Number of protein chains: 2
Amino acid sequence: MTQDGRLARGNESRRRILERAMATASQDGLEALSIGRLATDLGVSKSGVFAHFGSKEELQAAVIRAAGAVFAREVIAPGLNLPPGLPRLLGLCDGWLDYSQRRVFPGGCFFYAAGAEFDARPGRIRDLLADARRDWLRLCAQTVTDARHLGELTEAADPVQVAFELDALACAANSTALLLDEPLAYERARAGIRDRLRALATRPDSVP
Amino acid sequence: MTQDGRLARGNESRRRILERAMATASQDGLEALSIGRLATDLGVSKSGVFAHFGSKEELQAAVIRAAGAVFAREVIAPGLNLPPGLPRLLGLCDGWLDYSQRRVFPGGCFFYAAGAEFDARPGRIRDLLADARRDWLRLCAQTVTDARHLGELTEAADPVQVAFELDALACAANSTALLLDEPLAYERARAGIRDRLRALATRPDSVP
DNA sequence: GGATCATACGAACGTTCGTTCATAAAAGCG
DNA sequence: CGCTTTTATGAACGAACGTTCGTATGATCC
């Protein structure tokens, strides 16, 4: 019963559409996504693309969900594979910088681009992007908390503050590398992150 | 001869258009700027607005120029009014955070929004935004250099690196305050900036 | 006062946008 | 086999887009 070739074909089409949509949205923005252009690029009909989502906003929401899955696979999962605490924190930061630098999305971090685009436009799309960002910051802060409990970071390290600062450095690398075409920015972020963590570590030389 | 009422009226119209355009562009993006909507909002004709610029790209460029003047007046000038070195560096950072927090532009920092929108779209607009960003980072780095020469910061403070890190914290505040509706982010950035500068200062208690 | 200039207008152009709908093609199921 | 379900198509819709053009309104200048 679960072997319906029609559904399988439909899911594959949907996947192809979202793949392309994520790429163009990371470069040109979620609002610049156009159903017609998407259809032309993929060599299918406009109404065919439309039918998969029912509205442009639903397409945008689906793109955000798909990008979240990519982010989970490329950044979160490898990080969670590392031991909790400081190694995981460093792994998450480096994983994020790699994900931006490798251009998993051609326009750099999808959520940086989309977040900046919708941060002043109330609505469902903004809420979804805010949720994604909150999740990421929460994970970072929780990992700082773990590191404190493990005695790797001093009690002076406020988890929310540290998460804010590490994320700030990573985002700045993404932004600078893209806008100023300056790949060195990634090294600056890595240096800044290590500097910051060393200053908060109980054993500074434990930060590679 | 310089008293041409026609030119004066034209310049005033242009000014009103750009004022409105900067505000909507900071919220909805430079590409979402629409000549028709701009005209409707201002109660004038579409072709009247168009005639002032000749093309949409020229309008976008003019908006960037106008936003640069606002930034110079609101952030740069007050900063340059302070004594060079550490006080000016702190003044520039606080001035930037104030400018974002006061919502001089309703969508937060104009250049953060526009930069993120065009960082992956080659062309004249991207180049103008890259220039603006480079100028800002250069000013910050130069001020760090001054502080070093004045003996306020240690030789370990790499001007470009410090500028990168301070700007990163400020941008993260703008982004977090807007997307997550979290004004506390500005305090986090202020704390992070002071922390960072104290660590690099020859007299740490000289950082208020 | 008449010629000249810049500003603003209204109508129209061709395109693209998101969306709707009737219909064809193909796969599963009785 | 027919009947249903799912995917995909092509034609068409009204609205908005950037842009062009001919024209009207006044202020400036000779």
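Predicted model only: the values in this text are computed from it and were never measured. The chains referred to below are lettered A, B, ... by the order of the sequence lines, with proteins before strands, and numbering in each begins at 1.
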Quiz item: Within the pair S13(A) and dA8(D), is there a side-chain N or O less than 4.0 Å away from OP1 or OP2?
Solution: yes
Quiz item: NA contact type, L33(A), heavy-atom cut-off 4.0 Å: base, sugar-phosphate, or nothing?
Solution: sugar-phosphate
Exercise. Establish whether the base of dG10(D) is bridged to the side chain of S45(A) by a donor-acceptor pair shorter than 3.5 Å.
Key: no
Self-check item: Pair of N/O donor and acceptor under 3.5 Å linking dG18(D) base with K46(B) side chain
Solution: yes
Practice problem: Report the relative orientation of the aromatic rings in F105(A) and F110(A); use parallel for angles under 30°, tilted for 30 to 60°, perpendicular for over 60°. | Solution: tilted
Quiz prompt | Integer-rounded Å distance: dT19(C) P and L38(A) CG | solution = 14 Å
Exercise. Take the protein atom CG of L30(B) and the nucleotide atom P of dG18(D), then report the distance between them rounded to whole Å.
Key: 13 Å
Quiz item: Atom CG of N11(B) and atom P of dA6(C): how far apart are they, to the nearest Å?
Solution: 13 Å
Quiz item: Once you round it to whole Å, what is the distance between P of dC17(C) and CD1 of I35(A)?
Solution: 10 Å
Quiz item: Would you say R134(B) has more than 12 foreign heavy atoms packed within less than 6.0 Å of its CZ?
Solution: yes
Quiz item: Closest heavy-atom contact between S55(A) and E58(A)?
Solution: OG-N, 3.1 Å
Practice problem: Return the value, rounded to whole Å, for the distance between atom CZ of R14(B) and atom P of dA8(C). | Solution: 12 Å
Quiz prompt | Contact under 4.0 Å: S34(B) side-chain N or O vs dC17(D) OP1/OP2 | solution = yes
Practice problem: Using a 4.5 Å cut-off on heavy atoms from C-beta on, say whether the side chain of L30(B) contacts that of I64(B). | Solution: yes
Quiz item: Quick one: which of dT20(C), dT19(D), dA8(C) gets closest to the side chain of F50(A)?
Solution: dT20(C)
Practice problem: For Q161(B) and R188(A), indicate whether the former's side chain and the latter's backbone hold a donor-acceptor pair under 3.5 Å. | Solution: yes
Exercise. Keeping the roles fixed (side chain from N174(B), backbone from C109(B)), state whether a donor-acceptor pair exists under 3.5 Å.
Key: yes
Quiz item: Quick one: R9(B) CZ to dG26(D) P, roughly how many Å, whole number?
Solution: 9 Å
Quiz item: Does W136(A) have its ring centroid less than 6.0 Å away from the ring centroid of F71(A)?
Solution: yes
Quiz prompt | Which nucleotide in dT19(C), dC17(C), dC9(C) has an atom nearest any side-chain atom of V44(B) | solution = dC9(C)
Quiz item: Can you tell me how far P of dT7(C) sits from CD1 of I17(B), to the nearest Å?
Solution: 11 Å
Self-check item: DNA chain C contacts made by residues 52-62 of chain B, counting heavy atoms under 4.0 Å
Solution: H52(B)
Exercise. Please determine, for the side chain of S47(A), which listed nucleotide (dT20(C), dA8(D), dT7(C)) has the closest atom?
Key: dT20(C)
